[in-house]
Amino acid sequence: MKKWLEENIKKRAGEVDFDVLIPPDPALGDYSTNAAFVLAKNEHKNPIEVAERLCKELLADGSKLLADCKAIKPGYINFFLKPEFLQGELRRIHEHREHYGKQ
């Protein structure tokens, strides 16, 4: 999932340096990023406006994965994964458990 977020943000932001992290508090989402700050600086725009635009675009692209995407002032983006997606991933891991943790 982190890789999907990174790739889809790069499609919109280009080759800029940003972080996709797991927030310390689950109430802040499953992942978060500072990409809007970097992109806003390059575009000479307000980070919260860029964050809102990225959220809208990423929600459209990740409709099967993302339950929500929130732009938080001053420009952070918090991502919330769909429970169905997480359950499916756990099911897939369980079905192929002989491959996990072996390498």
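Rounded to the nearest 0.5 Å, atoms CD (E7) and NZ (K3) are 5.5 Å apart. The CD atom of E52 sits 10.0 Å away from the CD1 atom of I72 when rounded to the nearest 0.5 Å. A distance of 12.5 Å separates CD1 of I22 from CG of L28, quoted to the nearest 0.5 Å. Atoms CZ and CG, from R12 and L54 in turn, are 7.0 Å apart once rounded to the nearest 0.5 Å. K11 contributes atom NZ, which lies 6.0 Å from atom CG of D61 (distance to the nearest 0.5 angstrom). Between F37 atom CZ and I48 atom CD1 the span is 8.0 Å, to the nearest 0.5 Å.
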request  = Verify side chain to side chain contact (heavy atoms under 4.5 Å, CB included) between W4 and L66, making sure each step is shown before the conclusion.
outcome  = CA-CA 11 Å; W4 182 90; L66 297 173; 4.1 Å; yes

ask   = Should L58 and I9 be marked as a side chain to side chain contact (heavy atoms under 4.5 Å, CB included) after you check the CA-CA gap, both sets of side-chain angles, and the distance that decides it?
value = CA-CA 8 Å; L58 291 167; I9 292 169; 3.9 Å; yes

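The environment of Y76 atom OH is sparse: at most 12 non-hydrogen atoms of other residues, nucleotides or ligands sit within 6.0 angstrom.
S32 places no side-chain N or O within 3.5 Å of a backbone atom of I77 that could act as its donor or acceptor partner. Side-chain N or O atoms of N34 include one that pairs as donor or acceptor with a backbone N or O of D19 at under 3.5 Å.
For the side-chain contact (heavy atoms from CB on, under 4.5 Å) test with F79, the passing option among T33, D30, V20 is T33; the others fail.
Under the 4.5 Å side-chain heavy-atom criterion for ILVMFWY residues, a single connected hydrophobic cluster contains both L5 and V16.
Residues E6 and F18 approach most closely at O-CZ, 3.7 Å, considering heavy atoms. In terms of heavy-atom proximity, A13 sits nearest to L39 at CA-CD1, 3.7 Å. Here the shortest heavy-atom pairing between C55 and A71 reads SG-N, 3.7 Å. Heavy atoms only, all atoms of each residue included: A51 and G75 are closest at CB-O, 3.7 Å.
The side-chain tip of K70 points at the ring of F80 from less than 6.0 angstrom away and within 45° of straight on.
Considering only heavy atoms from C-beta on, E49 stays 4.5 Å or farther from E43 through its side chain.
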